[in-house]
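We name chains A, B, ... by the order of the sequence lines, and we start the count at 1 in each one.
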There are 2 protein chains.
Amino acid sequence: MNSVKIKPRAKTKSKAPYHHGDLRKQLVAAAEEIILERGVDGFTLREASRRAGVSPAAPAHHFKDARGLLSEVALLGFQEFGDALIAADQRGGKDPQKRLYEQGLAYVTFALKNPARFQLMFAHGKCDMRYKNLGEVAERSFKVLESAVRAASGLKPADDMTEDAYGLLMANWSIVHGFAHLALGGELDTPAGGRGGKGAILKSFLPLTLKHLPARR
Amino acid sequence: MNSVKIKPRAKTKSKAPYHHGDLRKQLVAAAEEIILERGVDGFTLREASRRAGVSPAAPAHHFKDARGLLSEVALLGFQEFGDALIAADQRGGKDPQKRLYEQGLAYVTFALKNPARFQLMFAHGKCDMRYKNLGEVAERSFKVLESAVRAASGLKPADDMTEDAYGLLMANWSIVHGFAHLALGGELDTPAGGRGGKGAILKSFLPLTLKHLPARR
DNA sequence: GCTACGATCTAAACAGTGTATAGATCAATA
DNA sequence: TATTGATCTATACACTGTTTAGATCGTAGC
């Protein structure tokens with residue numbers, strides 16, 4: 001056999017060059033794969049290296065450490081998440097109640113469709129909020145919610161948040177976040193007519209719950 | 001000197017016997033210490049062994065593996081948790097709304113006062129729900145909530161849950177669980193006048209949020 | 001009292017992890 | 001063309017959970 005050595009990472013390429021060329025992106029992709037397959041806790045940096053076809057020390061040149069790579073994944077997640085929330089908010093038009101409802105729908109939908117990413121984004125200590133602009137990007141999602149709550153509370157954009165408005169904000173956030181967390185933990189599968197997977201949860205349980213989204217009082 | 005050798009683990013005892021004598025309990029205690037100090041992810045079985053003064057292989061005689069030990073900790077947690085919910089429910093008397101409020105208060109209070117334990121109890125995959133009677137004990141807490149929701153929905157104990165009642169249940173659970181999760185993640189610290197630690201959260205933020213606990217509609 | 005046993009422990013080993021170090025490779029710049 | 005800096009490998013270290021074989025010791029049965 002006339003040795004044509006295979007580059008492990010590329011589909012059909014020449015010789016496995018010493019330099020990967022696209023490692024950073026592939027590490028991120030591998031990380032997303034892994035947390036999807038094995039959960040956030042199942043992630044290992046060495047496995048990501050393996051899937052990218054490099055040595056365990058290679059990632060250090062692109063990310064400070066394992067948390068760095070996970071933080072990058074979270075960053076991308078929060079970007080998509082924020083976009084989804086903004087789009088939902090706009091679907092709500094001028095009705096604050098509808099804005100909150102659409103946001104809640106989008107919040108949980110994102111969580112159930114991107115379970116691993118969502119768990120990572122809100123896991124305690126898994127990623128470093130000082131990584132790049134992760135903190136700001138996460139804050140952006142928060143602001144979308146705050147904006148709708150301000151409208152629902154009759155506040156103008158420049159006004160300070162009142163205590164009541166802040167209570168409304170926390171209540172709205174809590175209910176959708178709690179629902180997402182419980183659903184992802186399988187906590188909503190057991191009782192009564194559960195089962196049916198994420199689809200059933202989104203289609204039947206979620207609307208039943210979002211009916212109770214707190215409005216201004 | 002009439003040799004009174006010190007047993008490393010016991011306060012003031014004789015000789016460090018080959019057999020520990022109280023290992024199971026001390027492992028549980030060590031595990032609770034560790035998750036409190038280092039978080040659930042910071043737990044290692046070897047560290048627990050070290051603190052109990054035994055070799056890394058010793059725990060295997062009392063727990064199947066690391067998850068087994070954590071499951072035991074979760075089991076004890078759910079027992080206390082269930083007791084707290086039941087006591088709160090009774091404080092609510094005959095008013096379903098008050099029962100739900102007291103339960104919510106107790107739910108979040110438990111979470112903030114036992115952060116590590118709570119995170120463990122609701123962490124995905126950290127403990128084995130088939131461990132001993134962990135599943136049933138966890139279910140017991142759920143039943144306390146369900147019972148109050150039945151009352152709030154005008155259902156008798158024997159009645160099947162209606163869709164609406166189930167929505168009410170999920171909404172109540174979601175809001176308190178979400179609040180607890182967000183608070184533990186420090187998510188409620190940043191904005192506006194936050195800070196002040198868990199005490200401030202319990203005393204000011206929580207009531208503002210629980211005002212919005214969904215009632216029957 | 002003795003013996004045998006079963007429960008409980010230790011010591012040592014194995015495979016896996018994250019990460020630090022030193023050195024190899026290679027594109028691009030001076 | 002030589003050098004430099006970015007990117008990679010090989011190696012090593014200190015951890016981890018868990019398994020194995022063997023040591024210890026309370027106690028049940030004789």
Tell me: [atom1] of [X] to [atom2] of [N], nearest whole Å?
X     : N      : atom1 : atom2 : result
B:Q26 : C:dT8  : CD    : P     : 15 Å
A:F63 : D:dC8  : CZ    : C1'   : 15 Å
B:H61 : D:dG22 : NE2   : C1'   : 11 Å
B:R24 : C:dA7  : CZ    : C1'   : 14 Å
B:L23 : D:dC25 : CG    : P     : 16 Å

Where along residues 122-133 of chain B does a heavy atom fall under 4.0 Å from DNA chain C?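 Here the set is empty: none.
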Check this one for me: any side-chain N or O of B:R50 less than 4.0 Å away from OP1 or OP2 of D:dT16? yes
With a 4.0 Å limit, can you tell me whether A:H62 has a side-chain N or O closer than that to the phosphate oxygens OP1/OP2 of D:dC8?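 Answer yes for this pair, as a side-chain N or O of A:H62 is under 4.0 Å from OP1 or OP2.
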For the residue pair A:F122 and A:Y107, does the interplanar ring angle fall in the parallel (under 30°), tilted (30 to 60°) or perpendicular (over 60°) class? tilted
Would B:L45 and B:D65 count as a side-chain contact (heavy atoms from CB on, under 4.5 Å) here? Give the steps. CA-CA 8 Å; B:L45 190 55; B:D65 51 19; 5.9 Å; no
Would you please name every residue forming a side-chain contact (heavy atoms from CB on, under 4.5 Å) with [X], sequence neighbours left out?
X      : value
A:N114 : A:E80, A:F110, A:R117
A:A183 : A:L112, A:F179, A:L188, A:I201
A:A171 : A:P214, B:I175, B:T209, B:H212
A:A148 : A:D89, A:R99, A:L100, A:Q103

With 3.5 Å as the limit, what N/O pairs link the protein to nucleotides 18-21 of chain C?
unit_1: C:dG18; atom_1: OP1; unit_2: A:L45; atom_2: N; d: 2.4
unit_1: C:dG18; atom_1: OP2; unit_2: A:L45; atom_2: N; d: 3.4
unit_1: C:dG18; atom_1: OP2; unit_2: A:R46; atom_2: N; d: 2.9
unit_1: C:dG18; atom_1: N7; unit_2: A:R46; atom_2: NH1; d: 2.4
unit_1: C:dG18; atom_1: O6; unit_2: A:R46; atom_2: NH1; d: 3.0
unit_1: C:dT19; atom_1: OP2; unit_2: A:A66; atom_2: N; d: 2.9
unit_1: C:dT19; atom_1: O4; unit_2: A:R46; atom_2: NH1; d: 3.2

Contacts of [X] that satisfy ring pair (Phe, Tyr, Trp, His ring centres under 6.0 Å) - sequence neighbours left out:
X      : answer
A:F63  : none
B:H61  : none
B:Y131 : none

A:A58 side-chain proximity, nearest of D:dC8, D:dT16, C:dC9: D:dC8
